[in-house]
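Notes for the one structure printed next.
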Amino acid sequence: MLVPRRPLLMGVVNITPDSFSDGGSFLAPDSAIEHALQLIGEGADLLDLGAESTRPAGTAYGAGAREVEAGEELARLLPVLSGVRRQSSIPISIDTRKAAVARAALDAGADLLNDVSGLADPETADLAARADCPVVLMHHRGIFSGAGAALAAGPIVEEVRSGLEAALARALAAGCRREQMVLDPGLGFGKHGQLNLELLRRLGELAALGCPLLVGASRKSFLGEVSGTLAPAERLPESLAAAAWATAGGASLLRVHDVGATRRFLAAWLAIDEIGPVAERAWREEIPA
Ligand code: HH2
């Protein structure tokens, strides 16, 4: 197996009361800052701060998350952003769909934008072009809609590829540079279980879009469905399997909740992969010509 170099690990910090994965655990600024510093200690390469959950409605998650106004989102976000910034120079991504939030966060020292709507708001696209910062463009089939969402199964990889192409074209038309863009298939986000598995398996086909790929599979319900492990925080083994497939498929970034475990898992996997050529060389050197 040819395993690529280790992807960068983006540690998730949800400053929300209602995230599917860890809602309410880090709503207070001090606990969110402490969590961010812990993820840095575990080896995160960058952080993703989000202050509005996108938890879908559905049987596992009840009513789904509540959309929040920009003012409330900023009140949650900014104290954590400045608190982390004071103590670390780690790159910070902001997970938001709102231009006002993105603008204030960039002014306060954020480095990247992570827009799960794929720059649907032209104001955000314009801001991204002027800021010239890295931007994650994510595909979705409805941001708050449940995974079932009565959508056709269809050829999912082709749908995601053309959706990302369209988002990329919109961003370029707004003045962004291709080199700024990171593309994300948007696992979950209106796609039911098997579609996500197929996207992970065929991730390499999205590399043709010519931008680095980010994958956010960590703790998601399609992984829980595989093994029947219901609580999101108990989905680490399944999340590591997804991290392995994303890595083999060429992902440059993994968005994960369990940074330390993912880092150790990938280090072991890569060490096993790399020992092949090393062992072969050592063996050849011992054989007399
Ligand atoms: N997934 C979530 C949120 N933001 N951003 C990108 N680029 N890709 C993803 O897959 C992605 C994302 C959902 O995970 P989480 O933040 O843990 O949950 P919630 O939206 O409920 O806060």
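Counting starts at 1 for both ligands and their atoms, in listed order. Start at 1 with the first residue, then count along the sequence.
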Under 4.0 Å from a heavy atom of [X]: which atoms of ligand 1 are those, numbered in the order shown and with their elements?
X      : value
Asn14  : 15 (P), 16 (O), 17 (O), 22 (O)
Met138 : 6 (C), 8 (N), 9 (C)
Asn114 : 5 (N), 6 (C), 7 (N)
Val136 : 7 (N)
Ser53  : 19 (P), 20 (O), 21 (O), 22 (O)
Val116 : 4 (N), 5 (N), 12 (C)

Checklist entry - Could you go step by step and tell me if Lys191 and His139 meet the side chain to side chain donor-acceptor pair (under 3.5 Å) rule? => result CA-CA 10 Å; Lys191 304 169 186 97; His139 177 271; 3.1 Å; yes
Can [X] and [Y] be counted as an ion pair, charged N to O under 4.0 angstrom?
X      : Y      : result
Lys98  : Glu73  : yes
Asp107 : Arg103 : no
Asp121 : Arg97  : no

Next on the checklist: Can you list everything that forms a side chain to side chain donor-acceptor pair (under 3.5 Å) with Glu34? Sequence neighbours excluded, please.
Outcome noted: none
Item to check | Test side chain to side chain donor-acceptor pair (under 3.5 Å) applied to Ser218 - qualifying residues, sequence neighbours left out | outcome: His257
Next on the checklist: Using a 4.0 Å heavy-atom cut-off, which part of Lys220 comes near ligand 1: side chain, backbone, both, or neither?
Outcome noted: side chain
Checklist outcome for this item: In terms of its nearest heavy atom to atom 8 (N) of ligand 1, the top option of Val215, Val256, Asp184 is Asp184
Checklist entry - Quick one: does His257 get within less than 4.0 Å of ligand 1, heavy atoms only? => result yes
Item to check | Sub-4.0 Å heavy-atom approach of Thr16 to ligand 1 | outcome: no
Checklist entry - Can an N or O of Asp48 be found at a distance shorter than 3.5 Å from an N or O of ligand 1? => result no
Checklist entry - Would you say Gly216 and ligand 1 have an N/O pair spaced under 3.5 Å apart? => result yes
Next on the checklist: Testing the 3.5 Å rule here: is there a donor-acceptor pair between the side chains of Asn14 and Thr16?
Outcome noted: no
Item to check | side chain to side chain donor-acceptor pair (under 3.5 Å) between Gln194 and Glu198, intermediate numbers included | outcome: CA-CA 6 Å; Gln194 291 189 350; Glu198 189 180 346; over 6 Å; no
